[in-house]
Amino acid sequence: MKTESLKLVCFSPTGTTKAVVQGIARGINHCNENCIDITRPGARKQSLKTSEDDLLVVAVPVYMGRVPALLGEWLQAIQTHNTPTVCVVVYGNRVYDDALLELKDMLKHCGCKPIAGAAYIGEHSFSRSETPTAEGRPDARDLKHAELFGRKIREKLQSFPSAGKIPEVTIPGCHPYRGDSKLWTVDFIAVGNECVQCGICAEGCPVGAIDPENSALIDTKKCITCCACIRNCPNHARMMKPGLVMDASLRLSTLYNERKEPEFFV
Ligand SMILES: Cc1cc2nc3c(=O)[nH]c(=O)nc-3n(C[C@H](O)[C@H](O)[C@H](O)COP(=O)(O)O)c2cc1C
């Protein structure tokens, strides 16, 4: 079948999920491509509508082995009927548990037709130079893999006359889903004197947890510990305080230093 447009949806606080989705898009090589980045709260105010003639790719990071709970509402509101859909999760070299299956189930529930799925590895959000986990990933090898996956998706589409005829992809995993959809509520960010109140951290926060007038004020109830503000700070003024997240960073770096490889299901 021929598709009229490629719609790429991603939530990507620290950019690794977006890099993977762009790699997949290069492989699909569609002339009419549209990226819908739902990382910022404003972008999630608008819902998505797709048709049978579109190809939809939805990519999210894995949080505690699950699809980030804050995306549930937006994902469930997608208006679609039989849109061929590719489900992608990106995880920090620990595990993705049943997050890919959960994403597939969510998208199927709103009328999508899941035709392929994949799990990629991105540098862990808690990774620091002192305690790195999956540093620099996705790297060139991962992105080549993503392009290959994109080409496989295109081939699969081309080998069927219509969306209705494409078989649904089988994703491994189990119900009830493993992992935990509840995130930590923790005060873990220290703001140094280098902070010039430029507001970049508040602007890039996916949940609006940082006060734009005073970036040292963080609403820990809203914070999802994504670490985007640490990564985005041009003055390196934001860092982890000793405690739960810093301990996790050390633990991850020690326990998950063996390279995991991406997987796809077509
Ligand atoms: C709250 C939280 C929970 C996470 N849980 C997991 C996990 O269960 N397994 C894993 O391998 N990585 C986990 N990660 C790491 C992210 O999945 C990974 O770094 C991903 O590449 C981040 O995507 P982004 O760069 O698009 O934000 C977690 C990250 C955060 C912030």
Is it true that [X] and [Y] have a side-chain N and a carboxylate O under 4.0 angstrom from each other?
{"X": "E147", "Y": "R26", "answer": "yes"}
{"X": "K113", "Y": "E168", "answer": "no"}
{"X": "R259", "Y": "D139", "answer": "yes"}
{"X": "D97", "Y": "R66", "answer": "no"}
{"X": "R238", "Y": "E194", "answer": "no"}
{"X": "R141", "Y": "E261", "answer": "yes"}

Please give me the minimum heavy-atom distance between [X] and [Y], naming the atom from each residue.
{"X": "Q197", "Y": "A216", "value": "NE2-N, 4.5 Å"}
{"X": "A237", "Y": "C195", "value": "CB-N, 3.4 Å"}
{"X": "R44", "Y": "P206", "value": "NH2-O, 2.7 Å"}
{"X": "S125", "Y": "R231", "value": "O-NH2, 3.2 Å"}
{"X": "T80", "Y": "G111", "value": "CG2-C, 3.7 Å"}
{"X": "T85", "Y": "C112", "value": "OG1-CB, 3.2 Å"}

Is [Y] reachable from [X] through a run of hydrophobic residues whose side-chain heavy atoms are each under 4.5 Å from the next?
{"X": "V88", "Y": "L48", "answer": "no"}
{"X": "I210", "Y": "V196", "answer": "no"}
{"X": "V90", "Y": "L75", "answer": "no"}

Interatomic spacing from [atom1] in [X] to [atom2] in [Y] - rounded to 0.5 Å:
{"X": "C226", "Y": "L70", "atom1": "SG", "atom2": "CG", "value": "9.5 Å"}
{"X": "I171", "Y": "L100", "atom1": "CD1", "atom2": "CG", "value": "4.0 Å"}
{"X": "I78", "Y": "L107", "atom1": "CD1", "atom2": "CG", "value": "5.5 Å"}
{"X": "L8", "Y": "D37", "atom1": "CG", "atom2": "CG", "value": "10.5 Å"}
{"X": "Y256", "Y": "I121", "atom1": "OH", "atom2": "CD1", "value": "14.0 Å"}
{"X": "L56", "Y": "T3", "atom1": "CG", "atom2": "OG1", "value": "11.0 Å"}

Using the six-membered ring wherever Trp is involved, compare the ring planes of Y63 and F11 and label them parallel, tilted or perpendicular (cut-offs 30° and 60°).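 The arrangement is perpendicular - the two ring planes meet at more than 60°.
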When the ring planes of H145 and Y120 are compared, do they come out parallel, tilted or perpendicular, using 30° and 60° as the limits?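 The rings of H145 and Y120 stand perpendicular, inter-plane angle above 60°.
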Whether the side chain of [X] engages the backbone of [Y] through a donor-acceptor N/O pair (distance < 3.5 Å, no angle test) should be reported.
{"X": "W74", "Y": "Q46", "result": "yes"}
{"X": "S51", "Y": "D53", "result": "yes"}
{"X": "K104", "Y": "V169", "result": "yes"}
{"X": "N93", "Y": "E258", "result": "yes"}
{"X": "K260", "Y": "R94", "result": "yes"}

Near [X] [atom1], under 6.0 Å, is it more than 12 heavy atoms from other residues, nucleotides or ligands?
{"X": "K144", "atom1": "NZ", "value": "no"}
{"X": "E130", "atom1": "CD", "value": "yes"}
{"X": "K156", "atom1": "NZ", "value": "yes"}

Check whether the side chains of [X] and [Y] place a donor and an acceptor atom closer than 3.5 Å, and report yes or no.
{"X": "D98", "Y": "H175", "answer": "no"}
{"X": "E135", "Y": "S127", "answer": "no"}
{"X": "S253", "Y": "T131", "answer": "no"}
{"X": "H30", "Y": "S5", "answer": "no"}
{"X": "Y96", "Y": "E102", "answer": "no"}

Hey, mind stepping through V86 and V58 against side chain to side chain contact (heavy atoms under 4.5 Å, CB included) and telling me if it holds? CA-CA 6 Å; V86 179; V58 179; over 6 Å; no
Start with the C-alpha distance between L6 and V57, add both sets of side-chain angles, then the distance that settles side chain to side chain contact (heavy atoms under 4.5 Å, CB included), and finish with yes or no. CA-CA 8 Å; L6 167 62; V57 178; 3.8 Å; yes
Side chain to side chain contact (heavy atoms under 4.5 Å, CB included) between C229 and I189: does it pass, once the steps are laid out? CA-CA 9 Å; C229 62; I189 291 171; 3.4 Å; yes
Does the side chain to side chain contact (heavy atoms under 4.5 Å, CB included) test come out yes or no for T220 and V186, once each step is laid out? CA-CA 6 Å; T220 52; V186 55; over 6 Å; no
Applying salt bridge (charged side-chain N to carboxylate O under 4.0 Å, His left out), can you list everything that pairs with E203, at least two apart in sequence or on another chain?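 R40.
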Taking the side chain as every heavy atom from C-beta outward, state whether R128 and M246 have any atom pair closer than 4.5 Å.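 With C-beta onward as the side chain, the pair touches.
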